[in-house]
Amino acid sequence: MFKTKFIIAAVTAMVGLSTVSAQAAEAGATIERQSWSFAGIFGTYDEHQLQRGFQVFREVCASCHGANLLAFRNLSEPGGPGFSEEQVKALAAEYEVVDETAEGGRRPGIPADRWPAPFANDQEARDANGGSLPPDFSVLAKARGVVDPFPTWVFNYFTGYQEGGADYIHALLNGYHEEVPETAPEGFELAEGKYYNDYFPGHAIGMAPPLAEGSVTYVPGEDGVEVPLTVEQYSRDVSAFMMWMAEPHLVSRKQTGFVVLLFLVLFAGLMYATKRKLWAGIEH
Amino acid sequence: MATQAEHSSTNRRDFLFVATGAVGAVGAAAVVWPLINQLNPDASTLALASIEFDVAAIPEGQSVTITWRGLPVFVRHRTAAEIEEARAVPLSELKDPQTDAERTKEGHEQWLVMIANCTHLGCIPVGESGDFDGWFCPCHGSHYDSAGRIRRGPAPTNLVVPPYEFVSDTLIQIG
Amino acid sequence: MSEHSTYTPGNAVEKWLDDRLPIIRFSKEHLMDFPTPKNLNYWWTFGAILVMCLGIQIVTGIILAMHYTPNIAMAFDSVEHIRRDVNGGRIIQAVHAVGASMFFVALYIHMFRGLYYGSYKAPREIIWILGVLIFILTVATAFMGYILPWGQMSFWGATVISNIFSAIPVVGENIKQLVLGGFAVGNPTLNRFFSLHYLLPFVIAAIVGLHIWALHVPGNNNPIGVEVKESRDTVAFHPYYTMKDLFAMVVFMIPFAWFVFFAPDILGHPDNYIMANSQVTPAHIVPEWYLLPFYTILRAIDFNVLFIDSKLGGVIAMGGALVMLLVVPWLDTSKVRSGTFRPMFKWFYWLFAINFVALTYLGAQPAEGIYTVLAKVCTAYYFIYFLVVLPVLSRIETPKPLPTSISESVLGKAHA
């Protein structure tokens with residue numbers, strides 16, 4: 001039957017595909033998969049992690065990186081870091097936003113305002129950063145990804161792997177070396193003003209290692225859980241925060257999805273039974 | 001006459017069809033609702049549904065126009081004379097009878113907060129003009145008094161006072 | 001086939017309507033009573049699935065257009081505004097984006113069904129041609145739609161493909177500027193692509209109407225390719241196929257919903273979350289997966305042929321790959337319709353299917369090394385299948401014996 005031939009052909013194709021050299025991350029080192037609370041069908045954000053991540057973003061990253069799609073009010077909306085409305089109001093008021101109708105063209109922020117840009121324009125951002133433009137963080141966790149070899153990328157469709165951006169960012173923040181390591185590609189020379197990074201494409205990143213042990217003193221969370229003040233912890237927390245910034249509706253999306261899929265499977269079962277009942281009398 | 005067996009198989013079959021139809025209808029409704037709800041004001045619009053404004057900066061006898069829900073809003077720091085004048089008007093003289101107290105907040109009578117659209121056809125009246133020491137709408141000649149009440153002209157009702165509260169001595173929250 | 005109209009108006013209002021616009025009569029004849037072969041398998045449900053997909057894209061598209069801004073300064077942010085602020089926006093946007101991919105899944109299955117069962121053969125050539133036209137218009141619609149989010153892939157994909165026009169000798173550069181509205185992809189391009197992206201689906205819907213009209217002249221093909229001979233070969237479309245199609249649609253919604261709710265970005269490219277930048281080219285410019293086979297064919301021609309340079313050669317090959325589909329009914333002249341009874345054809349067909357998957361895969365690889373060799377091989381087979389294999393098989397193949405009728409084959413199955 002053609003079924004056998006098809007299976008033989010398909011297996012041949014798969015073997016063929018897997019022997020073809022895999023499209024590994026050209027960044028060189030393989031990006032390790034982390035376990036994230038927001039991964040998988042039942043993924044959710046950890047509020048405390050998001051609050052810690054926000055603190056890292058605010059104290060370390062926001063001096064150079066913008067988040068122009070983040071509104072202060074998002075920080076108190078459901079499915080996010082879960083700050084209270086009063087906290088958000090106070091936080092917004094600490095920042096000045098551009099408002100041409102205000103006196104002097106600037107005024108204190110309100111929750112409805114977006115996160116203010118650290119630089120007036122791209123050129124000023126470059127001038128302050130040795131010619132490199134620090135990318136905006138709003139959707140950065142979705143603008144980066146991991147390229148998996150065959151057959152992993154096929155499995156990804158079934159596991160719903162969407163955390164490649166977070167994995168990349170986490171890897172990058174932990175991928176710095178004091179000096180160019182042995183694992184560097186042959187003949188690699190580090191340009192002036194750049195830093196070696198295992199995972200940044202081309203290995204020469206313009207950003208100095210932004211995190212150091214103890215550089216952020218976390219505000220204790222209500223759950224009283226203590227976390228280590230390490231680069232590993234900071235990078236994990238800020239990656240999670242960036243994922244939330246990119247996908248603020250992740251939790252409600254997955255929760256709705258579970259109900260929808262359950263409904264569809266149930267409804268498909270009913271429809272199948274209906275179809276069978278209708279066709280019972282017909283020879284086909 | 002249908003036999004017992006025929007009855008029960010018909011019933012089972014009908015129940016299946018009814019159940020499938022009902023589940024399908026629930027699914028259809030669950031799909032249709034978000035398609036309609038997307039027309040409702042989105043989160044960024046709702047975020048500005050309520051605003052706060054500090055009235056302390058307005059000197060006596062001055063007005064400021066701010067924006068709330070896309071509408072212009074007058075915030076006036078009335079003088080004692082304006083308040084007296086407003087209180088002295090008998091209700092019988094008003095097309096839309098309202099006392100001055102009904103249009104202000106207790107303890108904050110010097111503050112008048114009104115949507116700056118003439119209730120006739122929506123033009124923005126000019127402050128400190130007209131024959132009643134209040135506002136005058138140049139479009140069709142409506143005169144409002146020092147409490148924003150219609151005194152003469154085609155406008156049917158007083159300038160609308162939006163829902164607002166004093167959340168502190170000088171901070172009002174509109175909406 | 002209007003003899004099948006058995007409709008009698010039930011009341012005075014119905015009769016009044018029937019005398020003026022016989023829409024109920026028409027619906028009953030074509031959507032309910034229409035005699036349909038009773039042996040159709042599930043590959044036949046993809047036509048209805050495609051109608052559902054078109055409906056979903058139009059509805060979600062109209063809603064997205066209520067919130068989208070087609071200006072290069074605001075497009076990217078407006079799409080994010082939809083995802084973040086619009087009620088249900090994340091889901092509506094995901095349905096539209098995933099829906100485009102699901103549309104092509106169904107399209108390719110529907111087309112491959114046609115190729116296997118000989119649905120393009122006489123007297124159904126026009127149905128097939130209209131179908132190819134629908135496919136080409138859908139490709140154009142999807143291509144224009146992908147620009148709208150104004151990400152890096154949107155911009156650079158458009159740049160690469162619009163350069164196709166400049167390959168045309170003499171007038172190519174002028175045509176390219178006409179299409180783009182400028183010297184490069186920019187705001188005029190975005191605006192007109194938005195307008196056309198909104199327009200084309202309705203043109204597609206009209207051609208789908210013609211496609212189904214043309215189908216209802218001879219009636220459906222069926223898995224054994226033997227035409228309907230008697231009424232017991234068929235069943236009424238309603239409720240047998242309405243319910244079967246609805247069941248298939250619900251099953252189709254399961255992977256659709258899986259992607260929408262759990263992996264909405266997996267079919268896309270992370271680079272499209274970077275705003276378009278005309279000064280920075282992404283490391284790898286990749287079209288959406290459903291355009292990859294034709295992209296491979298375009299890139300495979302990297303050599304000059306006589307006076308035709310490789311760029312023009314690639315354009316001709318890619319265009320030829322699409323346009324050639326129109327003449328398949330005249331390339332395959334075998335008297336036997338269904339692949340079921342064509343033992344040699346089956347091998348070449350499945351090889352063609354695997355080749356098509358390979359063409360898809362190769363389109364996403366860099367144009368280097370072994371990939372370029374494979375791309376040439378697979379492109380060659382694509383053309384060889386249509387231009388050589390099908391005509392030759394028509395002459396030399398000995399088909400298996402056909403059943404005399406659908407009813408006979410169905411009875412045969414029941415006893416087997």
Side-chain angles (χ1 to χ4, degrees), chain A residues 2 5-6 9-10 12-13 16-17 20-21 23 26 40-41 43 68-69 71 74 135-136 138-145 150 156-162 164-165 201 246-250 252-258 260-261 263-265 267-268 270-272 274-275 278-279 282-284, chain C residues 38-40 77 80-81 83-85 89-91 94 151-152 235 239-240 243-244 246-247 249-251 253-254 257-267 269-275 283 339-340 346-347 349-351 353-354 357-358 361 364-366 369-371 374 407 410-411 413-414:
Chain A
F2 81 81
K5 292 177 193 167
F6 176 60
T12 319
L17 280 172
V20 169
S21 70
Q23 258 256 64
E26 304 124 334
I41 304 176
N68 62 23
L69 294 170
N74 298 138
D136 185 280
S138 306
V139 288
L140 196 62
K142 289 200 290 190
R144 299 289 182 270
F150 182 87
N156 288 345
Y157 279 77
F158 293 90
T159 58
Y161 176 65
Q162 296 275 259
E247 271 286 348
H249 298 300
L250 180 143
S252 74
R253 164 167 64 82
K254 292 190 180 190
Q255 287 175 342
T256 309
F258 182 73
V260 167
L261 273 164
F263 171 87
L264 282 173
V265 170
F267 190 43
L270 281 173
M271 284 299 301
Y272 184 61
T274 302
K275 180 257 174 189
L278 279 170
W279 280 82
I282 312 281
E283 237 168 39
H284 64 282
Chain C
K38 62 182 180 184
N39 62 336
L40 299 185
D77 285 359
E80 277 298 313
H81 160 74
R83 288 196 184 102
R84 288 162 191 271
D85 293 330
R90 181 56 177 121
I91 302 304
Q152 276 286 65
V235 288
Y240 299 100
M243 288 301 121
K244 187 175 180 184
L246 273 170
F247 165 60
M249 288 191 238
V250 174
V251 173
M253 296 288 277
I254 293 174
W258 165 257
F259 283 122
V260 165
F261 290 97
F262 295 105
D265 296 310
I266 204 167
L267 292 157
H269 198 287
D271 274 2
N272 227 32
Y273 276 103
I274 303 172
M275 210 185 305
T340 319
K346 270 191 216 176
W347 278 102
Y349 171 85
W350 286 112
L351 188 58
I354 292 162
V357 172
Y361 172 80
Q365 307 314 310
I370 192 174
Y371 299 124
L374 287 171
S407 297
V410 154
L411 276 173
K413 269 207 303 203

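Residue numbers begin at 1 in each chain, while the letters A, B, ... track the order of the sequences. Scope of the values below: all heavy atoms of this structure, side chains included, with no hydrogens, waters or symmetry mates.
With a 4.5 angstrom heavy-atom cutoff, Y349(C) does not touch chain A via any of its atoms. Using a 4.5 Å cut-off between heavy atoms, I41(A) contacts chain C through both its backbone and its side chain. Looking at A246(A), the atoms closer than 4.5 Å to chain C (heavy atoms on both sides) all sit in the backbone: N, CA, C or O. At a 4.5 Å heavy-atom cutoff, the contact between R84(C) and chain A is made by backbone and side-chain atoms alike. The parts of Y157(A) that come within reach of chain C are both its backbone and its side chain, each placing non-hydrogen atoms under 4.5 angstrom from that chain. For I254(C), the parts lying near chain A are the backbone and the side chain together; criterion is any non-hydrogen pair under 4.5 Å. Interface residue E247(A): only side-chain heavy atoms are found under 4.5 Å from chain C. For T159(A), the part lying near chain C is the backbone, with the side chain staying farther off; criterion is any non-hydrogen pair under 4.5 Å.
At least one side-chain heavy atom of F261(C) sits less than 4.5 Å from a side-chain heavy atom of I91(C). The shortest side-chain heavy-atom distance between K38(C) and S407(C) falls under the 4.5 Å cut-off. Residues P264(C) and Q162(A) are in side-chain contact: their nearest non-hydrogen atoms beyond the backbone lie under 4.5 Å apart. For the pair L374(C)/Y361(C), no side-chain contact is recorded, criterion being any heavy-atom separation below 4.5 Å from C-beta on.
Between the side chain of K244(C) and the backbone N or O of L40(C), at least one donor-acceptor pair lies under 3.5 Å.
Ranking N74(A), T274(A), T256(A), D136(A) against chain C, the residue ahead of the rest is T256(A), based on heavy-atom pairs under 4.5 Å. For chain C, the option among L69(A), V260(A), L250(A) with the highest count of heavy-atom pairs below 4.5 Å is L69(A). With chain C as the partner, the residue from H249(A), M271(A), K142(A) showing the most heavy-atom pairs under 4.5 Å is K142(A). The greatest number of non-hydrogen atom pairs below 4.5 Å with chain A, out of D77(C), V251(C), T340(C), D271(C), is found for D77(C).
Salt-bridge annotation for D265(C) and R144(A): absent, with no side-chain N of the basic residue lying under 4.0 Å from a carboxylate O of the acidic one.
By the side-chain hydrogen bond (donor to acceptor under 3.5 Å, both in side chains) test, Y272(A) pairs with R276(A), sequence neighbours left out.
For the atom pair NZ (K275(A)) and CG (L246(C)), the distance works out to 13.0 Å, reported to the nearest 0.5 Å.
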